[in-house]
Structure formats: C-alpha cells, structure tokens
S.K.: 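Structure below; questions to follow.
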Amino acid sequence: MSLKEKVAEVVSIGKKYWNTPAKGNYVPYKEVATLGAAGFGVHWTTSLPSVIGLDAANFLVGASIGLKPLDLSVMLIVANLIGIPIAFFRGWYFDNHHLKGGKFIPFMLRYSFPMVALAAIFVWLPFESWNYITKAVVVEISYIIIQYFLNFYNEAFQYLQQIITPNAQERATVMSISQIIYSLAPTLSGFIIPTIAGLTYGLNNIKTYRIIYPVFSAVGLVINTVFFRMIKERLILPKKKMEYVSIVDALREVAKNKYFWIINSAGWIGFLESAYGVILGWSFVYSYNGEKAAQLGIANTIIGNAALWSMILAPVAIKKLGKRNLLIICNLMNVVLFTIMFFCFKNLFAVCVILFMNGFFNTFGNIYFPNINADMRDYHQWKTGVRIDGLFGPLGLIGTVLGFFTGLVVPAIYEKMGVHEDYNVLYNDTLRNNLFRVLLFCSIIGAILNLIPYLFYDLTENKHQGYVNVLKIRKMFEDYGDGVLDDEELVEAMQIINSARELDGAQKLKADKSALSAAKAMPNGTDDEKRKRKDAIRAERRKIREIRERNNNIESMPIVLDELNKFSTPRYRKQLDEAYKVCECGKVFEYSCADDEMKAAKNLPKSTKEERVIRADAIELARIKRESTKLIKKYGAENLTEPDENVKEEIQNRETKTLLESIKARRELKAFVKSVSIYQRVTKPYIRAKNLIIQFENYNHLAEIEQLYNNVILKREAKEKAQV
C-alpha cells in the first residue's frame, strides 16, 4: 500500500468513526479530539498555579523569592499535614456527591478560575520588600490555599481519563491520541516561556511569573471552559444506584486491595528516582556562566518531542507487551540511562540526548500508569461491589507521611553540597558537578527500587477484561430488576454470557503465520495481483487476530462463569442463609450476640482458600453488626429514622440574608449529612443482606432475560431485512 493509500485509509476510518465509535468501543473520534483539546487547556490553565512549589528546585519560591532548601522542605511537611484532612474530604466528596454534569467534569469547570486568580494574586505580592519570615509565612499560606483548588482540578482530570471508557485497550488508545494533542501545550510553553525569560528577566526572577505565565493560564481557562462540556463519563453502574461510600469502610476495603499496595509502594520506596530532575535546568542556567540560559527553551522543546513518539507507540506496546512488562522495560532503561549520564553529565549535548531517551521511556508511563490505576479500580469494584475513585487517595497519604522524611533527603543533599538560599553558588563548576554526581547516583538507586514491587503485579489484561465483563452482567441484572434495562445494555451483556458458555472448556489455538508469509510472497506485478495480495494479507491477519482474541477470551471467560454460578457455591449459600436471617430482623435491629458472632467467626477454619473467604465474610458481617449495635445503643432505636432528602434540598436552597443565618444553615446541613452517615451505618447489615437477596433473585430471571435478548435480536434482523 502506497503512502497516499495509507493516508486515504486513515482519513476514511476517521470519518467513519468520527461521530459513532467502532464496534466494541465506546468513544467516537470526535470525543477523543475533544479530550485532547481539553487536556491542552488543563496544561495551560495550571501553568501558573503548578509552578508554585515548595522545593529547592523551584525557581519561583527558591531562586526568585529566596527561601532556603531545608526551610522549604519543612514548609512542605506542614502543608502536607494540613492537606491530609483535605485529601480525605476530597476523596469522600468525589465518591458521594455526583454533581450535575458528571462525577468529575464539574470540578474542572468550577475550580479552574479561583485557582488561576489566586495564583495571579500570589505572584504580584511585594515579596521584594518583605523580610524572610514574612515571605515564608505568606508563601506557606498561599501554597496551601492554591493546592486545595489545584488538587481537586488535577485529580478530577486524572479520574476522568480513567472512566472515559470501560474498554482497557480503547482507554490506552484514547489516552495516547488525546495526549499527543495536549502534549503540544507543555511543548509550546516549555519552549516559549524559557526562551522569553532567558531574553528578558530570567527564570530566577519573579517578574517572569508576573507577566509571562498568567497569559498562558488565561488562555487555558477559555479552552478549559469550552471543551470539558463536550466530554462524557462512562462508569459501569446500575442506572438507579447511587451508593453512599463512608471513608472508614472505603479505607478498610482499599487496605485489602493488593494492587493498591504494589502501585503505591513502588512510588514510596523509589522517591529518589526524580533526583536528576534539576540537572537540565541548572546546567543551562548556571553552567558557562549562564550564557546558555536562553537555549533552555530549545532543549525543552527537543526533549519534550520524545513524548510524541512514545505516545504514538504506547497502545501498540501495551497490546503486545502488556502494561506490567512495558513498565518493567521502561524502568530498566532508566537505570541504564542514569548510569550513562553519571559519566557524561558535563556535556550538555549528551545530557539532552540522554534526557530525550529518558523522556521517551518515561512518557509511556503517562499511558500505562493511569490505565493500571483504572484497572485496579475496576478490580476493586468487581471484588467489593462498590465503585471507589476518590477514596483511594486518602490511604495513599501514607506516602505523604513518608514524604515528610524522604522529602528531606534531596534538599539535605543540596545544603550538604553547599546550596543554601544563594543559588548563585551553582555557577561554581566543581560544586555543581559534585552535586550532579550524587543526584544521579540517587536516581539510579531510586529507579531500581521503583521496579521491585511490580514484579509481584499479576493483574493481566485478560483478567481485567473478565472483571469488566462481570460488572456489565451485574448491571444488566440490577437494571432488569429495577425495570430500566435498555436494549444496548441487554445485548452487550448477553453476548458476553453466550460467549463464555461457548468457550467453556475450549482449548487455545495456535496461530499459523505460514499462511500470512505465503500471502506476503504472492506476486504483485500487476494491479490485479497487488489487489489479490492485499486481500490475502488482510484475510490472514484477520484470522490471526480472531484466534488471538479467542485465546484472550478463553482466559477471561471463566471469571464470567464463576459469577453466573456463584450462588451455587458454599460461600454464597452461606451468605444467603445469613442474609435471610438479617432481613427477618428488620432495618434497625440490636444484634446483642454480635460479639459472640465475631469470636465464632475468628475461630472458623482457614486452611483452604474457600475457608479463608468464608471466614473473612463472617468476620465482616459480625463487624458491621457490632458497629450497628453500638450506634443503636448510643442514639436510641427510636431516634434512628431514615433522613428525608427533601430536608437537604430545603437547606441548600434556603436564602440566607445574614451571616448568622448562613452559619445556621451550614450547621443544619452538616447535622443532616451526619444523620445520613449514622443511619446508613446502622442499617448496613440489612441493606447488604437485602442487596444480596435481590441480586440472587435477579440472577434467577436469566431465562426471562434470554428471551428478551432473543426478541431484540429478532427485531433487529427483521429491521435489517426490511431495509434491504
């Protein structure tokens, strides 16, 4: 196929799927482009707020405002401590307050302007006329306030990308294409800002942040507002279900998720890997007596271009290697690159080449890391039945606590090597070179440590597909029970079930590539021969692709069959027996024997996997019974009635003319939210039992659902015949 033909084919495919996604996919190309444009706006919107940091490598608060490295580290610890309860609130709010317009998109629209406005006010404060203590206090307070909005904004965008489609491979492709589009934002700003700064005030002068940066953030705000309104969230949740998630319960469940610990521990123990990050900027700004500073923008642009190629290759690499294997390869390459740089960091050209390669391998992480996190959340939803996004964050604050200590390491190295509040010492070649050697050694160690936890990561692409298929089936059954099942949802879930039945006990096939080789060897002298050769190659590739997809389904379909047959297993038979007993007691019931049930549960056998699961279920049931009983004794059964949502709406819509009225309304709303939490914890044993019984009853209607499916298929076939 000639280049012209390839381009024409790409254009044809683009037009075909511009408004309607391909079969098996969820996102049309128009929305992929929209996500890319929105991401462009995100990068420029945050260009000013995100540059305000509390670390010695930060040109604004470090070199421009003039705060000491260790002081900045202590300030960061204080800010992180204050940020812990805010992070809990943020995670809880994400998971329990779906606003009009979606779960995450409203935060992108509401938090962008105050974030940029506060950052603009900050950089125009008269730091030049203040003493050191005043500057430090103002920087600390401003940083905490700006971070409140910035973290809501950034996390919302991160989570949005993870739920734009439930198809893992499509998600990788969507993120790859959209990131190619919005990577233009940091590429442009990474070139323009340092270049203008180098020719005017310099990156270590606060005037740069007062004049140049706000322009980019203002443009980003406009882009942000336009494009986020055109994106759709796609969570696999029953239509009528909005389940409250308590912080304590979420943390308890997340703590049992092994993939959460693998992913987070890698970052916790590999904190030193980023130590090399200052080498490029400090090399251009301080080497050669600062004569190369204006060229930093060019270097950033060239190095940033490496991201384009990895983003183009990421979907193919993930499909061929898998996310885990790709991650391991990229980390190993970083170890190699840091080792090479250790011996040639004095050469600016060599530094740029190595960082180009480093950027190439690191950018794969922009695709596989969000996808790994999305897979983990889907797995968690499959395992627990509850969708959690934001509340994964609070338990991750363990890393923040560890960061109180690990964050002091690199700044301590700076000061030990002679870098204090006067960064001009970096013009000294000997001091700077010795510092770079130590930082590169730290990065090598960090990259190795970051790699180790992922050797235990076993959530394969096929396993994940099985979990997602189960979520679709559960949704079908629940929507059927609620009377809101639509045809598209019905067809998709029933096709999964039928495919699982067909492949039950099937053996994997080995793709024979000899036929593809023979097709490639066909003559292609004439136009007719070329056409026949192209058709033969396409046919053989299609056969290989179908065999590969069939083999993948053979691996994932047992998870589906286990779900359909789960109520015939000892574990779920035991759960059902307990559920019926709980429902007989009613919603608000004092379980006087909860402590005895806990002791009995802990004494259950745990020799086999099945016994351990049954024991864990019994302990969990006894725990929520005990918690419910404690709350009943504390508040009194007569005082525990289901809160009226109309009360909440009345408080929220109430007009308050004075400050006292406003305070009173906030207190009433807080009291209402607390009453909801208490009532749900009291009735949790009953609600869980009722949901399990309803699910069991819905699963018993599979034959009726199959008949509905057959009727839908017959209608579609009749419609297609009529159109022909």
S.K.: List, one per line, each side-chain donor-acceptor pair under 3.5 Å for residues 440-450, sequence neighbours excluded.
M.R.:
{"residue": "S443", "atom": "OG", "partner": "E273", "partner atom": "O", "Å": "3.1"}
{"residue": "S443", "atom": "OG", "partner": "Y276", "partner atom": "N", "Å": "3.0"}
{"residue": "S443", "atom": "OG", "partner": "L439", "partner atom": "O", "Å": "3.2"}
{"residue": "N450", "atom": "ND2", "partner": "A266", "partner atom": "O", "Å": "3.1"}

S.K.: Would you say the rings of F104 and F157 are close, in the sense that their centroids are separated by under 6.0 Å?
M.R.: no
S.K.: Within the distance-only criterion (no hydrogens, no angle test), does the side chain of R234 pair as donor or acceptor with the backbone N or O of I163 below 3.5 angstrom?
M.R.: no
S.K.: Can R90 and E155 be counted as an ion pair, charged N to O under 4.0 angstrom?
M.R.: yes
S.K.: Using a strict cut-off of less than 4.0 Å between a Lys/Arg side-chain nitrogen and an Asp/Glu carboxylate oxygen, indicate whether E461 and R324 qualify as a salt bridge.
M.R.: no
S.K.: Side-chain contact test, heavy atoms from C-beta onward, threshold under 4.5 Å: evaluate it for F361 versus N331 and give yes or no.
M.R.: no
S.K.: Looking only at the aromatic ring of each residue, does the gap between the centers of Y153 and Y111 stay below 6.0 angstrom?
M.R.: no
S.K.: Taking the basic N atoms (NZ, or NE/NH1/NH2) and the acidic carboxylate oxygens, is any pair closer than 4.0 Å for K463 and D458?
M.R.: yes
S.K.: Would a line drawn from the ring center of W382 to the ring center of Y259 be shorter than 6.0 Å?
M.R.: no
S.K.: Less than 4.0 angstrom from a charged side-chain N to a carboxylate O is my criterion; do K543 and E540 meet it?
M.R.: yes
S.K.: About how many Å separate CZ of F228 and OG of S112, when rounded to the nearest 0.5 Å?
M.R.: 9.0 Å
S.K.: Out of curiosity, F369 CZ to L327 CG, how far, rounded to the nearest 0.5 Å?
M.R.: 4.5 Å
S.K.: Holding to side-chain contact (heavy atoms from CB on, under 4.5 Å), I want the full list of residues that pass it with S178, two or more places apart in sequence or in another chain.
M.R.: L35, Y182
S.K.: I'd like to know if the side chain of S47 and the backbone of W44 have a donor-acceptor N/O pair within less than 3.5 Å.
M.R.: yes
